[in-house]
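Here is the structure we will look at.
Each chain gets a letter, A, B and so on, in the order the sequences are listed, and its residues count up from 1. All figures in this text were calculated on a predicted structure; none of them were measured in a lab.
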2 protein chains.
Amino acid sequence: MSYVDAIEALADPTRRQIIDRLRGGGLPVGAIAEGMAVSRPAVSQHLRVLSDAGLLTVTPLGNKRLYAIAPDGVDDLRAYLDGLWDDALAAFARAADAQAKGKTHD
Amino acid sequence: MSYVDAIEALADPTRRQIIDRLRGGGLPVGAIAEGMAVSRPAVSQHLRVLSDAGLLTVTPLGNKRLYAIAPDGVDDLRAYLDGLWDDALAAFARAADAQAKGKTHD
DNA sequence: ACTTACCGTAAGCCTTAGCTTACGATTTGT
DNA sequence: ACAAATCGTAAGCTAAGGCTTACGGTAAGT
């Protein structure tokens, strides 16, 4: 159940900020941390969590390490929400149906 | 930005368990709490958080209160993930393209 | 009217987790 | 070989949040 790690990782605002910074493409740690409110080690720790959750890929590039969003990890979470969405709609439809049948004018 | 509240609400395992119990349809608090590891007040607090996040609807039904999943709230989160997914794929394609052009055999 | 059932809220405890500073490892440049 | 740059990790502090017990409030049943 990888979507659990993904959703728990994305629950943190700092980690969502990191994700937003990587929307345009992969970046090294220094570039990610630049201009952020927290320290660079803090960013490193968050990158670790995001990587473990399968949301980021790491590419050692000489001296630096390039972090980029992993589409597969995002997709796992999408699948979970799609299933939840389907069930919610079905339950809603059933409730509306029962309401229409049983309590029309009684 | 309602998706923020939604994702932070779903980050808790107990709250995800509650959501799972509501997949089949709306339930009163007692039925939700029954068989769960935590106390009923704890469930009540979680229901409050989920409602505030727009993930649940509340329907006072005489003595009880019926909680059900709100499809709209789930959809907000889906929209956020869809956008993230799109950006991630586009960035991935650009990176692969740059890789192919610049470093083919050099 | 009184009792029972259902539920929300307040107070308090305690664990979790994010942040900082300090340090070590590896790589690049001179 | 030496110096500088990039990054991960450990230790420690602190704030946030989830849980329990206790209580109050409203609706239903007798």
Tell me the interatomic distance from [X], atom [atom1], to [N], atom [atom2], rounded to whole angstroms.
{"X": "B/K64", "N": "D/dA27", "atom1": "NZ", "atom2": "C1'", "answer": "12 Å"}
{"X": "A/Q45", "N": "D/dG12", "atom1": "CD", "atom2": "C1'", "answer": "12 Å"}
{"X": "A/L10", "N": "C/dG18", "atom1": "CG", "atom2": "P", "answer": "12 Å"}
{"X": "B/R15", "N": "D/dG17", "atom1": "CZ", "atom2": "P", "answer": "9 Å"}
{"X": "A/Y67", "N": "D/dC7", "atom1": "OH", "atom2": "P", "answer": "9 Å"}
{"X": "A/M36", "N": "C/dC19", "atom1": "CE", "atom2": "P", "answer": "8 Å"}
{"X": "B/N63", "N": "C/dA5", "atom1": "CG", "atom2": "C1'", "answer": "6 Å"}
{"X": "A/L47", "N": "D/dG8", "atom1": "CG", "atom2": "C1'", "answer": "11 Å"}

Return no unless some side-chain N or O of [X] is found under 4.0 Å from OP1 or OP2 of [N].
{"X": "A/S39", "N": "C/dT20", "result": "yes"}
{"X": "B/S44", "N": "C/dC7", "result": "no"}
{"X": "A/H46", "N": "C/dC19", "result": "yes"}
{"X": "B/R48", "N": "C/dT9", "result": "yes"}

Could B/R78 and B/D82 be called an ion pair, given the rule that one side-chain N must be under 4.0 Å from one carboxylate O?
-> no
Lys/Arg N to Asp/Glu carboxylate O, A/E8 vs B/R16, below 4.0 Å = yes
Give B/P41 one of three labels, base, sugar-phosphate or nothing, depending on what nucleic acid heavy atoms sit under 4.0 Å from its own.
-> base
Quick one: does A/R40 reach the base of D/dG8 with a side-chain donor-acceptor pair under 3.5 Å?
-> yes
Quick one: which of D/dT20, C/dC19, C/dG8 gets closest to the side chain of B/V29?
-> C/dG8
Which listed nucleotide (D/dG8, D/dC19, C/dC19) is nearest to the side chain of B/T14?
-> D/dC19
Are B/V29 and B/K64 close enough that some pair of their side-chain heavy atoms sits under 4.5 Å apart?
-> no
May I ask you to test the A/D5-A/D52 pair for a side-chain heavy-atom distance under 4.5 Å?
-> no
Checking side chain to side chain contact (heavy atoms under 4.5 Å, CB included) against B/W85, which of B/L89, B/D87, B/L81 comes through?
-> B/L89
